[in-house]
Amino acid sequence: MIAPDLETASAALRDLIEGARQIVPFTGAGISTECGIPDFRSPGGLWTQNRPIEFADFLASREMRDESWRRRFVMEERFAKARPGRGHRALASLYRAGKVPGLVTQNIDNLHQVSGFAAADIVELHGNTTYALCLDCGERYELSWVREKFESNGRHAPDCRCGGAIKTATVSFGQAMPAEAMQRAEELTRNCDLFLAIGSSLVVWPAAGFPVMAKRNGASLVIINREPTEFDELADLVVHHDIGEVLAPFISH
Ligand SMILES: [Zn+2]
């Protein structure tokens, strides 16, 4: 059913949430746009102006690593300022109520953690941009440290003490999906009885696979997204409306 208006959507969503035993939210860029994080893939988004740097190029070239970090620091003001939105807070409320065993996200902005989810209960398919890792030894670095080194070294990206390249903990184009995250996302999807796809166009692999998997395992499927998705017909409830507004009634304090 495509909800004809917000009132119908809220009532239907409330029924589904109240009747569910295990809810797994799957979130994409749309949940964070009200927090000031742009959807990089959208028309006019950052990636249409600036071609993303592929993983192989990052590895092969020091200049690409410098450029990659330069772009990241340009974005830092937005990321540092962003606070969880109504959608994040509503999901955190359901999590605190014991209804959400875990959440799967395509977002890299750390806002689900800030909203109250334990990091261990979040599966980040595309990683996290708010800290960095050495690609060789896995040592964690804070962005402030990388930036200080970058600025004081003629705007060149620092290397790890082991000699490895340091990169934000995101999954770049051309970089393998983390196998463990994929496996955990599949487990959560298979075990839930309500799958909430929120703010994702569900076109980028592997996002597209999850709604189908949930449905095939007998879960109810809800899609909340401003734009139609190609899975709308499969869903039990489709809401084409502002995410914050749809989820705000589920925020509990
Ligand atoms: Zn290292």
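Ligands are counted one by one from 1 in listed order, and the atoms in each one are counted from 1 as well.
Between E34 and R86, at least one side-chain nitrogen of the basic residue sits less than 4.0 Å from a carboxylate oxygen of the acidic one, meeting the salt-bridge criterion. Ionic pairing of R70 and E67 is present here: one or more N-O contacts between side-chain nitrogen and carboxylate oxygen are shorter than 4.0 angstrom. Comment: R161 engages E139 in a salt bridge, judged by a side-chain N to carboxylate O separation of less than 4.0 angstrom.
Side-chain N or O atoms of D193 include one that pairs as donor or acceptor with a backbone N or O of Q22 at under 3.5 Å.
The distance between the ring centers of F55 and F173 does not fall below 6.0 angstrom.
Below the 2.8 Å limit, the Zn ion (ligand 1) has as protein N, O or S neighbours C134 SG, C137 SG, C160 SG, C162 SG.
Using a 30° and 60° split on the angle between ring planes, F117 and H112 fall in the perpendicular class, above 60°.
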